[in-house]
Novice: 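The following block contains the structure, expressed as structure tokens.
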Amino acid sequence: MGIQYLQESSVFHLQSKNTSYAMKVTKQGYLAHLYWGRKVSGHGLERLLELQGRASFSPNPDLEELALSLDTLPQEYPSYGGSDFRTPALQVQLADGSTVTELLYASHRIVPGKPALEGLPAVYTEQDDEAETLEITLKDEHAGLQVMLSYTVFRDSDAIARSARLLNTGGGPLKVLRALSMSLDMADDRYEQLQLSGTWARERYIHRRRLVPGMQSVESRRGSSSHMQNPFVALLSEGATEEHGSAYGVSLVYSGSFAAGTEVDQFHSARLFAGINPFDFSWLLEPGDSFQTPEAIIVFSDQGIGGMSRTYHDLYRSRLCRGTFRDQARPILVNNWEATYFNFDADKIESIAQAGSELGIELFVLDDGWFGKRDDDRTSLGDWFVDRRKLPNGLEDLVARVNRLGLSFGLWFEPEMISPDSELYRAHPDWCLHVEGRRRTQARQQLILDVSREDVQQHIVSTISAILSSAPITYVKWDMNRNMTEIGSAKLPPERQRETAHRYMLGLYSVLERITTAFPHVLFESCSGGGGRFDPGMLYYMPQTWTSDNSDAVSRLKIQYGTSIVYPVSSMGAHVSAVPNHQVGRVTSLETRGNVALSGNFGYELDLTKFTAEENEIVKEQVQLYKNIRHLVQFGDFYRLLSPFEGNETAWMFVSKAKDEAFVVFVSVLQEAHARLSRIKLQGLAPDKQYRLEGSDGTPYGGDDLMYAGMPTPQFHGDYASRCYHFKALPSSMKKE
Ligand code: DGJ
């Protein structure tokens with residue numbers, strides 16, 4: 001790891017273990033992008049900057065150097081108004097109404113470690129020697145604007161963290177219209193763009209498309225990162241696979257409206273960018289004020305998409321997620337949502353917990369419906385006091401009853417919401433996001449609290465804290481079930497209304513910081529109708545997310561596979577639910593539901609009291625199996641073997657860091673007559689180790705045999721069939737090392 005500044009050539013060369021990233025200050029002072037990719041020694045990097053005169057439609061800012069146009073110069077943080085017509089990273093309006101800015105290099109410094117981002121989630125270091133940070137200051141003297149670009153390289157990760165901080169150094173106000181987190185110009189456009197898109201109950205499906213001239217981007221205008229698009233894109237060398245080819249990932253650490261994508265210009269260079277969505281955004285910077293963009297984590301891998309994913313997994317698991325549970329085994333839970341919906345009482349809950357206790361389940365989670373007068377989803381959000389009709393002796397009594405059975409207790413909240421039919425709304429009708437004189441559009445018959453307001457933030461912190469202090473609650477499911485409409489705040493002046501959505505996110509992050517640090521023993525799981533806010537921003541505060549409201553085992557293959565492109569498996573909640581499945585109506589076996597859910601933070605979401613004796617035995621085995629392999633699932637390396645997007649069969653596996661244990665899951669969706677015989681090649685094992693398959697006669701398999709020759713795929717009779725395999729290295733083969 002290291003950051004070098006080569007004075008003679010004004011080149012910055014950032015090196016991680018396997019990658020290099022290089023920039024150059026041109027003689028005019030522009031910050032040009034030179035290179036990002038496989039590690040190089042860096043001799044003559046400046047030669048990569050080839051300036052080529054183009055037609056007069058690419059204008060020239062410097063008459064001494066007519067080959068230079070900002071329209072063709074590969075840049076690090078392009079601004080609008082000069083000779084660059086491509087999509088800018090920055091657009092600022094000055095007091096005179098103009099929107100022209102020109103950023104020139106002013107200074108730089110290199111610091112050990114990684115400074116925190118004020119008020120925003122970000123990747124962090126625990127020791128200064130884990131990373132080094134380069135801060136480059138660019139200035140527009142005329143505007144009185146300073147932009148500090150930050151680049152962190154890590155000792156143990158091939159990731160780079162990028163962000164920008166704007167400072168108004170002038171005497172008048174500046175209006176930021178656009179301030180992306182990162183932008184960089186790839187020399188050519190011979191890539192495919194990968195994105196993760198979907199909808200509610202079908203989140204993060206993988207889509208790949210060849211780059212073509214023009215804009216190819218994803219965005220959310222919903223006030224949250226959304227089910228529809230994830231704040232992530234990757235450029236892949238043509239034909240890149242899980243194991244081969246180059247992958248350049250960009251992941252935005254943000255939970256609000258975002259934009260990310262690639263613009264291919266007239267000369268076939270590709271501008272990759274990500275940041276807060278400039279649509280309906282602006283930010284007023286008074287003299288002396290600063291604005292910090294969210295962070296983008298960029299990852300290069302020449303080991304295919306799988307290599308890129310594992311870099312994200314390791315970094316996000318260990319240096320984005322925080323708190324007591326970051327490195328702790330996550331409990332097996334049972335959640336009552338699909339078991340009872342709103343229709344439960346204390347005895348019913350206790351009976352489910354009792355069944356859970358006999359099956360070896362560790363945590364009971366009480367979902368929606370325990371507060372206010374909430375018998376359906378039309379009322380009571382905001383009234384966070386126990387519904388004594390359902391729980392006559394209160395929460396403390398219920399928690400004690402569950403605890404006595406040997407299970408810990410978790411509770412559902414939807415703290416950012418307010419039902420029009422609630423005591424809170426009757427007391428504070430202006431506490432929701434709204435625009436005076438306009439309709440307040442409801443979704444699920446609820447409105448959104450204006451979390452940009454300090455008084456609303458304080459109210460959320462104190463009400464949720466009071467409940468968490470009232471009983472030994474060790475887990476919280478933090479839900480959020482709608483997107484923003486009529487985005488406005490009663491507290492902000494007209495010229496700041498377009499700041500509301502981002503201020504909401506800052507307010508939410510502040511609330512989460514306060515609550516999660518006050519209750520370090522509580523495991524927080526975020527949720528937004530399943531995976532509507534499955535993003536790195538939320539993972540900073542809550543180390544796991546309910547992956548999707550779709551709990552069907554077959555649907556989950558694509559959802560979990562797509563999610564794993566960026567997010568570690570330790571961040572994904574995965575539960576066994578009842579059949580016919582409540583979302584898609586499919587009937588799958590208990591074995592397959594278990595085998596798919598075992599590849600996540602495992603749990604059950606059905607009425608455990610309804611199992612037959614035979615099902616009880618299957619579940620006991622599943623629970624025991626998960627206890628045996630959860631260290632692999634939650635902390636091992638993840639390899640995708642067969643894609644559900646490409647065929648009838650899905651396979652993935654987990655390997656311990658020491659390569660002494662592995663767990664493989666194989667699922668065949670539809671059965672075919674006389675299906676072709678095939679072999680599945682494992683990955684990530686030690687070729688020179690021998691492995692024993694648990695539950696077999698003990699005949700050893702060579703790691704090399706399993707990876708290079710493979711193993712026969714199982715033959716099934718019937719649809720939605722699956723099998724899993726648990727390998728352990730033989731101690732004798734381990735000694736060979
Ligand atoms: C949406 C969540 O995704 C579900 O799991 C459940 O908690 C419901 N909300 C409760 O309203």
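Predicted, not measured: the structure shown is a model, and the values here were computed from it. Just follow the structure's listing: the first ligand is 1, and inside any ligand the first atom is 1.
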Novice: What pairs with E358 under side chain to side chain donor-acceptor pair (under 3.5 Å), at least two apart in sequence or on another chain?
Specialist: Q354
Novice: Does the distance from a Lys or Arg side-chain N to an Asp or Glu carboxylate O, for K620 and E617, drop under 4.0 Å?
Specialist: yes
Novice: At less than 3.5 Å, what protein N or O atoms come close to the N or O atoms of ligand 1? Include the distances to 0.1 Å.
Specialist:
residue: ligand 1; atom: 3 (O); partner: G530; partner atom: N; Å: 3.0
residue: ligand 1; atom: 3 (O); partner: D549; partner atom: OD1; Å: 2.3
residue: ligand 1; atom: 3 (O); partner: D549; partner atom: OD2; Å: 3.1
residue: ligand 1; atom: 5 (O); partner: K477; partner atom: NZ; Å: 2.7
residue: ligand 1; atom: 5 (O); partner: D549; partner atom: OD1; Å: 3.4
residue: ligand 1; atom: 7 (O); partner: D367; partner atom: OD1; Å: 2.6
residue: ligand 1; atom: 7 (O); partner: D367; partner atom: OD2; Å: 3.2
residue: ligand 1; atom: 7 (O); partner: W412; partner atom: NE1; Å: 3.1
residue: ligand 1; atom: 7 (O); partner: K477; partner atom: NZ; Å: 3.0
residue: ligand 1; atom: 7 (O); partner: D479; partner atom: OD2; Å: 3.3
residue: ligand 1; atom: 9 (N); partner: D479; partner atom: OD2; Å: 2.7
residue: ligand 1; atom: 9 (N); partner: N481; partner atom: ND2; Å: 3.4
residue: ligand 1; atom: 11 (O); partner: D368; partner atom: OD2; Å: 2.6
residue: ligand 1; atom: 11 (O); partner: R444; partner atom: NH1; Å: 2.9
residue: ligand 1; atom: 11 (O); partner: R444; partner atom: NH2; Å: 2.9

Novice: So does P294 get a backbone contact from the side chain of S181, meaning a donor-acceptor N/O pair under 3.5 Å?
Specialist: yes
Novice: Is there a donor-acceptor pair closer than 3.5 Å between any side-chain N or O of K627 and the backbone N or O of I332?
Specialist: no
Novice: What verdict does the side chain to side chain donor-acceptor pair (under 3.5 Å) test give for S722 and E591, after you've listed the backbone C-alpha separation in whole Å, the side-chain angles of each residue and the deciding distance to 0.1 Å?
Specialist: CA-CA 7 Å; S722 64; E591 286 84 352; over 6 Å; no
Novice: Regarding D552 and R593, does a basic nitrogen lie under 4.0 Å from an acidic carboxylate oxygen?
Specialist: no
